[in-house]
Amino acid sequence: MAGTARRPLLVLLLVAGAAAIAESKPYAPADRVLLNCGSATDSLDGDGRKWMADTNDDTWLTDSGKSSLMMAADRMDNGLPSTIPYMTARVFTMEAVYNFTVNPRDRHWVRLHFYPSSYNGLAPDGFHFSVTTSTGLTLLRNFSAYTYAKALSQAFIIREFSLPPTPAGFLSITFTPMPVGNDTYAFVNGIEVISMPDLFSDPATMVGFADQTVDIAGAALQTMYRFNVGGMYIPPSNDSGLTRQWYDDTPYVLGPVQGVIYRAGPHFQLKYPSEVAEYAAPPEVYLGTRSMGSDPRLNQNYNLTWTMPVDCNFTYVARLHFCELLLSRPNQRAFDIYVNNKTAQSDADVIGMTTEKGVPMYKDFAVSVADEPGDEAMWVALHPSVALRPQFYDATLNGLEVFKINGTDGNLAGPNPDPSRLLAKAELGAGDEGVPRTHGHRNMGTVMGGTAGGAAALGLVAAICVEKKSRELAAAGGSHTSGWLPLFHSHTSNKSSGHLAANLAGMCRHFSFADIKVATKNFSESLVIGVGGFGKVYRGVVDGDTKVAIKRSNPSSEQGVHEFQTEVEMLSKLRHRHLVSLIGFCEDAGEMILVYDYMEHGTLREHLYMGGKPPLSWRHRLDICIGAARGLHYLHTGAKYTIIHRDVKTTNILVDGDWVAKVSDFGLSKSGPTTVNQTHVSTMVKGSFGYLDPEYFRRQQLTDKSDVYSFGVVLFEVLLARPALDPALPREQVSLADYALLCQRNGTLKDVIDPAIKDQIAPECLKKFADTAEKCIGEQGIERPSMGDVLWNLEFAMQLQDAFEGGSCGGRRPAGEGSGTAGRSAAALEPSNSNGSAASVTTLETSSTTRPPHEACIIVEENDDEVANSAAFSQLVRPTGR
Ligand SMILES: *[C@@H]1O[C@H](CO)[C@@H](O)[C@H](O)[C@H]1NC(C)=O
Ligand SMILES: *[C@@H]1O[C@H](CO)[C@@H](O)[C@H](O)[C@H]1NC(C)=O
Ligand SMILES: *[C@@H]1O[C@H](CO)[C@@H](O)[C@H](O)[C@H]1NC(C)=O
Ligand SMILES: *[C@@H]1O[C@H](CO)[C@@H](O)[C@H](O)[C@H]1NC(C)=O
Ligand SMILES: *[C@@H]1O[C@H](CO)[C@@H](O)[C@H](O)[C@H]1NC(C)=O
Ligand SMILES: *[C@@H]1O[C@H](CO)[C@@H](O)[C@H](O)[C@H]1NC(C)=O
Ligand SMILES: *[C@@H]1O[C@H](CO)[C@@H](O)[C@H](O)[C@H]1NC(C)=O
Ligand SMILES: *[C@@H]1O[C@H](CO)[C@@H](O)[C@H](O)[C@H]1NC(C)=O
Ligand SMILES: *[C@@H]1O[C@H](CO)[C@@H](O)[C@H](O)[C@H]1NC(C)=O
Ligand SMILES: *[C@@H]1O[C@H](CO)[C@@H](O)[C@H](O)[C@H]1NC(C)=O
């Protein structure tokens, strides 16, 4: 296929005669039903979409719901994007049918939403069921939403299908409970049935078989992945009326070389072709791209690759979306496209195919995934076309979707994942020879959640095919025996049992299991000081008299594995006066135990309310806030890359015997963006209600400003001495953030502060403190100050307090004060800011607008190994002297 610059590319021409249109009109679906199952009222979800009660007589549920029960979830998981439709469910004990009247000419999205919680005491693992349609399709078979959610570390699962037109004019969806033990229940939280434009009329090219195509026009499809490549999460409400969700592709890019991201400027005009492709993807997708980078040598030596686990024994369609944003002549940028290591198309030239800049297009490639080791994932790879000698050796992609095609028996269902195999799989993904490796740990994030949220929620993942490999590895004496920590630096240490030990050696101490047993009096219940999802925390003593806190992970809690590892990794690298230190760990006997400094005075919260402790003085409180701010500021800026805590709250701020505040619990931390043009990490929402940044919640984009928001709530909590959320209070007061903001804005804040400290606060200090807290909980991240600014302002507030108390600060500081302000004179109203440079009193007001956006890099989650690999890799492929 090598050719000259003028080779005939017209075969691929998708958009001949494309009409230039400035903007696409939103698609208006003929049928649009969103059912909030098990609810008696209509409600709006977090995106403002209206969900209807499914109780309306027999409009939808054919037996008027006689065979079913309406139930509310027993608990609300922090990972839910919205209470609607997840907090209510319809639970079936026998076969039940939802019947929808549909436009016979339209294709339809069918989306099923599942939140595997316990309902009225019914255990979440008791639900196994199949879902079939009146058109002969099996959407789910013996499906366990619980198993999926657990395997993916997700709170909820969404399954999206695109069903071909049903000439009968109705579509019924049948839920059939499957017996497991004595339980036979089915459930569903939400059902969407929505018309869609015909996006699948053209056949897909069969990869590896010249001239063969796969007809998808009549097929039922399940969405496996949908990425806004090089872009951010796009919610259903922003998808040109098509209600799809587009996720950030970053976790699926095979590292460490992840290319560069480019976004067109605000005035860039897309020219959508006049056909249906108008709705192929929203403008957001086409306006941003990931390309290989500017170094031609480097580009020639690697493939820009995405890998996505899928179920075997199915045929898949990969839809690649392109739009040239920079170049305008043919053969400026041409590249080869590989799907599952086979050439899907050589010499692809986007301008050659579209004829001009700014014209969106897509290409569909079909590939069968068999039940063979190494074949359980979709690989999409791009490489510059050397044969064509284009002007730039580069490749680019704007969007990527992967759909599963129904089998001839109408089946779309894959097996339930096996969580332990899934872990093994994530590890295997990290070790193929000759390919730049992703780190085991990062891959874990990929499969188990993180940004993968989306894809995970779409319910992909087939772990079943790895069985053989994991058995081989296990036989080789691999590190799988512990079962719950297999991903930690996996590819370096199959053979050593103490791989964690090796990795952390020199950073902290290794305890034997016997040491730990002695320290905790054989895990005496009387020494338990905390219980979490990961297991229990014990008070203990080592070396005769050193008090420690010992966190013993419950080996059966798979959910915490990822968080646990994150915490070890973070803590072992981070040392700071205001962060809880890891003293050591124990990895013997299949146990995973962490040993921390003991925090004599417990959590900040118990000294504010509901702890039965005498109320802390205002100075103490302010001092603790300053310490915590210092710890967070260090997390954000002190390490090599930004670390976002993600769960800042008063129970994660601990106080030691000298009243020094320490930030704890990095289990949810994420490395933040480190590059210039990327200011957020897109991720599944985690954290605690009441403290959650609304922007993060809405857009699933994590920034350091999400921590600033939570910290603002902490500041108000310290001032008002009440919980962040208190459902027992009158409605306007339930949320502390909302209530404090109202009071602050109408000038009544001083009336609601904790009576215990009311008379101690200097008015100017209160003003500075409250203004700072208010700015922290600004609606938009961009409006909020940085943690450094917050710190500076709190220190300033402390000085105002000092001045008010007449310069007698030295003697009145809390015992063990150490935040760094102690020695500073109260008269010095110009403290240095956190960077040590002089700052004026107006820092807070100006800095958030004048400071440049966050620094960035292309690899979002990285660690030392990867950085090293990546550096080595670059040296290898980029010869000097070029
Ligand atoms: C669904 O509704 C259609 C008519 O709207 C009816 O013909 C069909 O029998 C119904 N299906 C079931 C299972 O009730
Ligand atoms: C469904 O899955 C459960 C758990 O994996 C299993 O025990 C049961 O036998 C399966 N039922 C059928 C009909 O396959
Ligand atoms: C299933 O039901 C039988 C009869 O009611 C009972 O004896 C048995 O213990 C139950 N099994 C489980 C696992 O609950
Ligand atoms: C959704 O669209 C609106 C209006 O175009 C825009 O302001 C908003 O930022 C978009 N949200 C996301 C998450 O893209
Ligand atoms: C895939 O198909 C083969 C051959 O029909 C079968 O042996 C294998 O069990 C199937 N694998 C799965 C995971 O269904
Ligand atoms: C890119 O991928 C193709 C298909 O897997 C492979 O043949 C080729 O060697 C790869 N190129 C590089 C530089 O890795
Ligand atoms: C593609 O090639 C890579 C690297 O050789 C290999 O690890 C992977 O399993 C292959 N993928 C498929 C689907 O064959
Ligand atoms: C599933 O797909 C095949 C091939 O794409 C098609 O022939 C068949 O009619 C589809 N539907 C069912 C219910 O099998
Ligand atoms: C970041 O964006 C600016 C302007 O938008 C551009 O000049 C610069 O090259 C971009 N940097 C990277 C690494 O993409
Ligand atoms: C200020 O707002 C709070 C909270 O809504 C309310 O309770 C209080 O009555 C308001 N006070 C005034 C003077 O408006």
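All of these numbers come straight from a predicted model, not from anything done at the bench.
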[X] and [Y] aromatic centres sub-6.0 Å:
X      : Y      : result
Tyr247 : Tyr233 : yes
Phe403 : Phe200 : yes
Phe129 : Phe114 : yes

Using a strict threshold of under 4.0 Å (side-chain N to carboxylate O), is an ion pair present between Glu324 and Lys357?
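The answer is no: the pair does not qualify as a salt bridge.
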I need the Met52 CE to Arg32 CZ distance, nearest 0.5 Å.
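With rounding to 0.5 Å, CE (Met52) is 7.5 Å from CZ (Arg32).
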How long is the gap from OG on Ser368 to OH on Tyr316, to the nearest 0.5 Å?
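Interatomic distance, Ser368 OG to Tyr316 OH, rounded to 0.5 Å: 10.0 Å.
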Do any N or O atoms from the side chain of [X] and from the backbone of [Y] form a donor-acceptor pair under 3.5 angstrom?
X      : Y      : value
Lys404 : Met224 : no
Thr133 : Leu137 : yes
Asp215 : Ala217 : yes
Asn416 : Asn142 : yes
Asn189 : Tyr115 : yes

Distance alone, cut at 3.5 Å: any donor-acceptor contact between the side chains of Asn341 and Trp379?
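No - no donor-acceptor pair under 3.5 Å links their side chains.
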Side chains of Thr289 and Thr396 only: does a donor on one sit below 3.5 Å from an acceptor on the other?
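Thr396 and Thr289 do have a side-chain donor-acceptor pair below 3.5 Å.
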Go through the structure and list residues passing side chain to side chain contact (heavy atoms under 4.5 Å, CB included) with His383, not counting sequence neighbours.
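His383: side chain to side chain contact (heavy atoms under 4.5 Å, CB included) contacts with Asn303, Tyr338, Val386.
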Applying side chain to side chain contact (heavy atoms under 4.5 Å, CB included), name anything that partners Ala204, two or more places apart in sequence or on another chain.
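Checked Ala204 against side chain to side chain contact (heavy atoms under 4.5 Å, CB included); matches are Val317, Asp364, Ala366.
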Phe209 atom CZ, over 12 foreign heavy atoms within 6.0 Å:
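Incorrect, the count does not exceed 12.
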Classify the ring geometry of [X] against [Y]: parallel below 30°, tilted from 30° to 60°, perpendicular beyond 60°.
X      : Y      : value
Phe227 : Tyr225 : tilted
Tyr279 : Tyr27  : perpendicular
Phe335 : Phe322 : tilted

Do Met361 and Val359 come close enough that some side-chain heavy atom pair is under 4.5 Å?
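Answer no - side chains too far apart.
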Partner residues of Ser162 under the side-chain hydrogen bond (donor to acceptor under 3.5 Å, both in side chains) criterion, sequence neighbours left out
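Only Arg107 meet the side-chain hydrogen bond (donor to acceptor under 3.5 Å, both in side chains) criterion with Ser162.
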Qualifying residue for side-chain contact (heavy atoms from CB on, under 4.5 Å) with Leu304, from Val229, Val253, Asn299:
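One option only clears the test, and that one is Val253.
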